[in-house]
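As the structure lists them, so they are numbered: ligands from 1, and atoms in each ligand from 1. Numbers here simply count residues along the sequence, with the first being 1. The structure displayed is predicted, hence computed values, not measured ones.
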Amino acid sequence: MCLLESLRRLPYKIMVKLCETYKAKGMCPYHLAFKQESTERLLETLKGGIHHADRLYKLGKELGICPHELSLEVAKRSRVIALSYLYLLDSDLRKVLLINMDKTLDQAILIFDEAHNVIEVAQEVESTSITTKDIESVLTSIKEIKVGKIARNREEFEEFSKYKYAVVRALKVMRQLLLEKSTREEKLYSAKEFITDFELKTRESLLIVMDYLERLVKTAVLRRRRPRNMLSIEEFIDFLNKLIDTTYDERYVHVLSHRGDTVIYSVYCIDPQVAIKPIVEDSFITIHMSATLSPISHYVEICGIPKSVEFKVRPVYAGRVKALIVEGLTTAYEERSEEMYSRIADFLSEITSHLDCNTAIFFPSYEVMNEVFSRMKHIEKPIFVERRGESTREIEEKIKKFKECWRSGGGLLLGVLGGRTCEGVDYPGRELEVEIIVGVPYPEPSLTTYAQMKYYEAKYGKERAFEYVYKVPAMRKVNQAIGRLVRGPDDYGVVLLVDSRYKALMEYLVDWINILGTQSYERTNRILESITSIIRKFRQLT
Ligand code: SF4
């Protein structure tokens, strides 16, 4: 929504922060133009109806006034505002937005649509990281600042030179520290250890160095000598602030890891309540909507919702998805082997080669998918495989081609649970009739999941901890995948849950599907008969 060339491509949070400085100093022409316009006249131009962001942006651009300010004015006068819940979960953004929109949470009814994503988004907004490459980029930008160009007198020159020297030295030490402390494996490196190590090496306080950095950069921006890589600098400052703020907070862990030669230092939030609870407590009421929150009591406890009432609406497609558990196969870590992968591949090859409809197979990870797919044989139909790191356009193209295959004997789509082929995509009608979910997508073992387990054990007890750290996130992905089959009253589908462990996970499955029972993977013909007869019946009905 920003028109200023130098800010408009920055992430929203950073853009908003810099925008405040630009406005305060009268440095943005679009803001000045907006202030000279009569708000009432502008709103009259818009007339009634729904004011989409696109429309406001277009109008702002045409008139040469700030669309962001215009949208905030519109929001001030609106009774219903639709926005990504990311803006509310992030406490900094929330504060800025609420003030600018002239709203308070205690008078608001907040509706979280697709609430099954809230927990993950809450943890994401509270987590952050930097890499040794980011530090190098900040270092280059700081070195490029010409003190002689921003200082207005001798005192300032000496002061800014001192800042620059201290910051450059600090950045070099930080980079070196991360390289020295990291190992090939993931490693915990607490904020307290990092700050102590840093201050021992530099003989400077981290807070003072940050203050120097912020003063130097702010002066450069205000004196129209904006450093080249502003994004890296702002993200770096945000990271250090988060690191300091979470030093003694047990709801966060600080982890060193690797990507090739690059070291990553991360602050992970392990308790989503940090972001969710303040909103729930401050709002007049919150409504959380989803067709895949099962069981709801877990969601309520994880989010820290103090008091809740559950309303159930039976979906129009209830009963139109039939599921069968296939036992004798598993992707459990301790049972992964060449033999198990071959067994799964043979089963999938046999089933899919006999189906004449669009079929999707979703796996717990790319690694498992590749192991199994490389062993699958005799499939004479178009196959589309989701690959790690593919561009959005490539994925969309694959999905589009796959969807069209139902007209010509069916295609096969292979993807990853929680990935882009199975979340946020709809496959209505015959675009997808059979879904095979291979394995249970439990989170990979990592220091973060281990730390979260320990933290949840202390908070909820051992049993609940395992449920909340492993079962609930895994089954959220499974339920989301199942939801791809049905979007309207005429949709239907068959799901094969290929892993013996699903027998113990029934209570976490959405309650609008029919579980037909359990069948051994060796009884392929029986399974095929079940699938084809269900599909035939549904096709006759629609
Ligand atoms: S006032 Fe508007 S155009 Fe100017 S910096 Fe802020 S968002 Fe961008």
Legend entry - K192 to Y248 six-membered ring, cation-pi geometry met (6.0 Å, 45°): no
Inset, instruction - Please assess H288 against F311 for the test ring pair (Phe, Tyr, Trp, His ring centres under 6.0 Å), listing each intermediate value before the final yes or no. - result: CA-CA 10 Å; H288 305 248; F311 290 99; over 10 Å; no
Legend entry - No-hydrogen, no-angle side-chain donor-acceptor test under 3.5 Å, E301 and Y468: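 Result is yes, a qualifying pair exists.
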Legend entry - Salt-bridge contact D426-R487 (side-chain N to carboxylate O under 4.0 Å):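 The answer is yes: the pair qualifies as a salt bridge.
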Legend entry - Basic-acidic side-chain contact under 4.0 Å: E136, K133: no
Inset, instruction - Please report the number of protein N, O or S atoms that lie less than 2.8 Å from atom 6 (Fe) of ligand 1. - result: 1
Inset, instruction - Show the numbers, then the answer: is there a ring pair (Phe, Tyr, Trp, His ring centres under 6.0 Å) between Y22 and H31? - result: CA-CA 9 Å; Y22 276 55; H31 179 246; over 10 Å; no
